[in-house]
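As the structure is a prediction and not an experimental result, all values here were calculated from the model. Lettering follows sequence order; numbering is per chain, from 1.
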Amino acid sequence: MSEKSNDDSIFENPIDRRELLKRGGALGAAAAAAGALGGQAGAAINKVARHSAKPKKGGHVTWALEQDPGHIAPFGGTLTMTRTAQEPMYESLLQWDKNLNIQPALATGYTVIDKKTIDFHLRKGVKFHNGKELTADDCVYSFAQQLNPPLPGSIATVGQVPAIDSTEARGKYTLRMHLKAPDARIYGFLAWQRYSAIVPRDMYQNLNAATQGIGTGPYKLDGSYVPNDHLSYVRNTAYWNPALPYLDAINYRIITDEQARIAALRAGAIDGATLTVDSANSLKGQSNLHVLKGLTAAFRELQMTIKAGENKPWADRRVRQAVNMAINRQDIINKVYNGEGQYSGHVAAGYGPWVIPQAELKAKWEKYDLPTAKKLMAAAGFSKGFDVSLSTFSTPLDFPAIATLIKSHLSKIGINVNIVPQDPASFGANNGKGAFEWDLTARGMRGDVDGYVAEFNPTGALGKTVYNTWFNGYTNKRMWKLVGNGRITLDTKKRLPMYQELDRLLMTELIEVPLISVNKYQVVNAKLHDMYVAFTDFNTGLVRNAWMG
Amino acid sequence: MPRFLLNRLISMFATVFAVSIVVFLMVRFLPGNVVDVQFGGDATATPGARLEAAKRLGLDGSYAHQYWVWISRIFHGDLGKSLLTQRSIAEIFGSALPVTIELIVLGLAIAVSVAIPLGVISAVRRNSASDYASRVGGLIGLSIPNFWLATLLLIFFSRVFHWVPPLQYVSLFKHPWENLQEFFMPAVAISVFTLAIVMRMVRATMLEVLNLDYVRTARAKGVPRWRVLRKHALRNALIPVVTVVGFEVGVLIGGAAIVEIIFGLPGVGFTLLNAISNRDYPVIQNATLLIATVFVVANTLVDLIYGWLDPRISVT
């Protein structure tokens, strides 16, 4: 295998995924996996605010976070908001661009030594916020923390980490990664950055990582994070990409009450915030504000347990298909989300080439078809229906609203749904133990498509627990094989058809019933240019793209 | 008096001890714990991983053991650490308490300073226009939920004056003007209910006292009216009012939680509600114990002040 490390700034001469692979010298099947979300096929591209070709440097942005991040430690953060809050500061070896194509970050390229060994070539001259130069030793330390997150991080995140066995420094600027098995998820995991930050060696010994931090990102923390109140960042003047960042400072204020965020936006006290659809629309027409919307990976889904020996009605595939056909997704989109949303398969709508196209979902797999649903119920021996309990979150309010509509829809085929609203902790406890009949939940962003389907194979970290807890009364070897082989197949060309088949198999079997993908709404100061709603559900548009005019 | 004080102190400690047990058990009987929150949804893990996570957080022993660890640490001055953030509870309260105390003190100050004069005027000018206005105002104050008023104030000021209070907490001692701007609106929001209660109580007790013989005697002796009101009537009328104000501290603490969230004030209430949703046991336990202690101490102080205002009470 050849090695072509190239430390030139890739941003002065942007490259596509193919070029990245060439630079890394990653030849053959293994490297092709890097295009996790599929280069030109790209992911959902969200609307930007006042697109301009000439970004200007300078300016401060005050942004309201709708939830307290809890802590800003780089490893083991379970909340999306934890990553959002630390995103300006920490980055990883790879990164996604706006369209979720994989790009170099702290690594300029990589060489695939064999299916279980990869060398990452570090960018030279990168400085941490404390002035220390980034070396492979720092990466070794960081990956060790990723695999066993120190407190306040949770080991709950380890299930999201691919099969990394160990890492070793091979010189100052080369990091060798050993995998336990071939794993197509590795590049997406690194580009996602959520759990793969690179920090200086022994950082945890030198500061309180819960409220302080040192990274290589475009912004450095100004002071400390003050829980339930604020955290502030200032420009990293020594950032390795001289074109970034655009803003001089980002000030995050924690404002959990939506009306307070709206009031602050109206008063000009903040420059941006995330709001619900109705609140965002109420601000349309304000000359000093811009309403942005964009699809995120957080789709809604109906989950069921099919346990051995229980023989519940929905253990019969025809009943599950009837449920799927009796749910009117467009009705949910219209009534709960003001007509804005998409149908979703088991992989989040907008997630590159890995999804079933909208037209196919609407025409075939998720078509509202009450007569056929009734026939299927009758054929399964349940023409009179049955009772079932449906757990869901009590807040945000769209969950009980969707549950209410599902109850209404399914009553037409005789199914009596008893809705059980729960707080997140109760929901999590029951969900984890499989102590539910049906539940209505949301999925989120994943580094790799495998993250959406891993539970459909009883091997692997997630499958061992979820499958064996929820679906131990269900067997489908073809499904297992497609999930298992998809994970270890490194050639995207070979991998894609596997997931295309799997997507459709899952829509036939329906042991989980995907519902809809929803938009996220952000309202921003009209002077904030090139801002976009990130598909990842973080605030990457602000950190990487937006500038003050 | 010493015996009275001793009784009150014993009663206070017994109450706080009972609260500690109730709170400890209540949070554990809630479905789900912090490990479930962390492993919730898609991050489901093996029982082994859950056990390991619980062990790291000190949740692996029996309830009796966990209670003993918590209480014994308190007596050593160690309140423990947040399960979610690993910040020490002392540090969390060190930053959150001043916020809540200031909010409650300001709320109470606004309520009392407005309610007492209004109640007196209302009583002295019974059935006048000002009396009717005060009474209607009192009814409105009792009926308005503080979270609604808080939201209304925010919306009104942002729409009409394009102004909202400063968004980042600043200390009263470092930036007094900004601090007062930040606290004025939330303090008004939490004060209204207490203001209405106190005003009605002052009016009622003043009316009662003004009809008593000693007031009539004082007036007959030629004591100026304002002096009769202040020295004879009001002082006696305030005895039940002080009791009500003591109870209202508890109401204000409860009201402060939601108002802190609306105004983004990083106080104890905000911290506590976050902790409940995340099942952060040490924070919930200590915050609840703290609030209970404040409530009990406030009521003990009321008893003592009551005794000072009416020496017959301490004797009995």
Does any heavy atom of chain B fall under 4.5 Å from the side chain of A:Ile255, the backbone, both, or neither of them? side chain
Under a 4.5 Å heavy-atom cutoff, which of B:Val99, B:Leu30, B:Leu84 has the most pairs with chain A? B:Leu84
Could you grab the distance from atom CG of B:Leu154 to atom CG of A:Asp257, nearest 0.5 Å is fine? 7.5 Å
In terms of heavy-atom pairs under 4.5 Å with chain B, the winner among A:Ser154, A:Ala260, A:Gly451 is A:Ser154
Contact winner vs chain A - B:Arg87, B:Glu52, B:Glu260, B:Lys81, heavy-atom pairs under 4.5 Å: B:Arg87
Contact leader toward chain B among A:Ala264, A:Gly70, A:Pro152, where contacts are heavy-atom pairs under 4.5 Å: A:Pro152
Under a 4.5 Å cut-off applied to non-hydrogen side-chain atoms, are B:Gln168 and A:Asp229 in contact? yes
To the nearest 0.5 Å, what is the distance between CZ on A:Arg261 and OG on B:Ser158? 14.0 Å
Mind checking the CG-OG1 spacing from A:Asn228 to B:Thr271? Nearest 0.5 Å is all I need. 4.5 Å
Non-hydrogen atoms of chain A under 4.5 Å away: do they reach the side chain of B:Thr151, the backbone, both or neither? side chain
Would you compute the distance between atom CG of B:Leu167 and atom OH of A:Tyr252 and round it to the nearest 0.5 angstrom? 15.5 Å
Side chain from CB out, backbone as N, CA, C, O: work out which of these in B:Leu57 comes under 4.5 Å of a heavy atom of chain A, or both, or neither. side chain
How far does CZ of A:Arg266 sit from CZ of B:Arg159, to the nearest 0.5 angstrom? 3.5 Å
Please determine whether side chain to side chain contact (heavy atoms under 4.5 Å, CB included) holds for the pair B:Arg279 and A:Asp423, giving the CA-CA distance in whole Å, both sets of side-chain angles, and the decisive distance to 0.1 Å. CA-CA 11 Å; B:Arg279 303 293 193 269; A:Asp423 73 318; 2.7 Å; yes
Can you name the closest pair of heavy atoms from A:Gly153 and B:Arg56 and give their distance? O-NH2, 3.1 Å
How long is the gap from CG on B:Asp36 to OG on A:Ser426, to the nearest 0.5 Å? 9.0 Å
Hey, which of B:Val34, B:Leu265, B:Asn274, B:Leu83 has the most heavy atom pairs under 4.5 Å with chain A? B:Asn274
Side-chain heavy-atom pair A:Thr256, B:Phe270 within 4.5 angstrom cut-off: yes
Options A:Leu151, A:Ile262, A:Leu79, A:Thr78, ranked by heavy-atom pairs under 4.5 Å with chain B, top entry: A:Leu151
When A:Ala210, A:Pro227, A:Ala454 are compared by non-hydrogen pairs under 4.5 Å with chain B, the top option: A:Pro227
